[in-house]
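Down below is the structure, laid out as structure tokens.
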Amino acid sequence: MSVELPSELHFLLDGAGALIVFQEKDASWAGVLAFSSEERARDFLRQSNLEAAEIAAIATGDRAGIAQLIALVKRRAVRNLLLDLDYATGKCIRVEFQG
């Protein structure tokens, strides 16, 4: 199944500027949180009471930027991207990193 990504991905950053990832209970890997809009990212922050320093966006057409992002998070045992994670239900679109 292919997933059509939005024109921008919005990521949550901690106080040190690192991407915030989500690790499911008893899982050895994590997923980086990404949202299709800034509004969805802010909704997640409200629901989860997570304190993020900022929301940063990257254009999905920025192939070099996306490649750098994937290379960065794969070193942190991050297996996939969790797009539009709903805090209450856990529903989201999982985009597996390849290569």
Side-chain angles (χ1 to χ4, degrees):
M1 178 178 95
S2 66
V3 175
E4 187 168 326
L5 294 175
S7 61
E8 285 187 331
L9 294 175
H10 300 265
F11 297 94
L12 306 177
L13 304 179
D14 67 14
L19 288 169
I20 294 177
V21 298
F22 180 81
Q23 186 168 6
E24 294 181 78
K25 186 177 179 178
D26 299 324
S28 59
W29 50 269
V32 66
L33 294 173
F35 300 90
S36 58
S37 69
E38 186 173 343
E39 180 181 333
R40 286 185 182 238
R42 292 198 187 286
D43 286 345
F44 180 86
L45 291 174
R46 276 192 292 277
Q47 291 175 13
S48 67
N49 293 318
L50 179 68
E51 290 191 27
E54 64 182 290
I55 298 171
I58 187 170
T60 54
D62 179 359
R63 296 179 65 90
I66 296 291
Q68 287 178 329
L69 175 70
I70 292 170
L72 173 71
V73 298
K74 284 181 81 171
R75 289 192 292 261
R76 295 179 54 198
V78 174
R79 180 184 290 179
N80 55 29
L81 180 139
L82 304 174
L83 181 61
D84 292 335
L85 176 63
D86 182 286
Y87 183 77
T89 66
K91 292 182 181 179
C92 66
I93 297 171
R94 292 176 191 266
V95 179
E96 297 290 325
F97 295 141
Q98 297 179 2

task = Step through the shown structure and confirm whether more than 12 heavy atoms of other residues, nucleotides or ligands are within 6.0 Å of CD on E39.
result = no

State yes or no: do F11 and I20 share one hydrophobic cluster built from I, L, V, M, F, W and Y residues joined by side-chain heavy-atom distances below 4.5 Å, directly or via other members? no

Which pairs would a plain distance check flag for residues 82-92, meaning a side-chain donor or acceptor within less than 3.5 Å of a matching protein atom at least two apart in sequence or in another chain?
residue	atom	partner	partner atom	Å
D84	OD1	S36	N	2.8
D84	OD1	S36	OG	3.2
D84	OD2	S36	OG	2.8
D84	OD2	R40	NH1	3.4
D86	OD1	A88	N	3.0
D86	OD1	T89	N	2.8
D86	OD1	T89	OG1	3.1
T89	OG1	K91	N	3.2

Sorted by chain and residue number, the side chain to side chain donor-acceptor pair (under 3.5 Å) partners of E38 (sequence neighbours excluded) come out as R42

Side-chain heavy-atom pair L69, L19 within 4.5 angstrom cut-off = yes

For residues 49-73, the ring pair (Phe, Tyr, Trp, His ring centres under 6.0 Å) pairs (sequence neighbours left out) are none

- Apply the test side chain to side chain contact (heavy atoms under 4.5 Å, CB included) to residues V95 and N80: give CA-CA distance (whole Å), side-chain angles for both, the deciding distance (0.1 Å), then the verdict. CA-CA 5 Å; V95 179; N80 55 29; 5.8 Å; no

What side-chain donor-acceptor pairs closer than 3.5 Å can you find for residues 50-63, not counting sequence neighbours?
residue	atom	partner	partner atom	Å
T60	OG1	P6	O	2.7
T60	OG1	S7	O	3.2
D62	OD1	G65	N	2.9

Residue pairs passing the ring pair (Phe, Tyr, Trp, His ring centres under 6.0 Å) test with at least one member in residues 22-41, sequence neighbours excluded, are F35-F44

One should read off an interatomic distance between S48 OG and L33 CG, to the nearest 0.5 angstrom, of 8.5 Å

Salt bridge (charged side-chain N to carboxylate O under 4.0 Å, His left out) filter on R79, not counting sequence neighbours, yields none

In terms of heavy-atom contacts, V21 and V32 come closest through CG1-CA, 3.9 Å

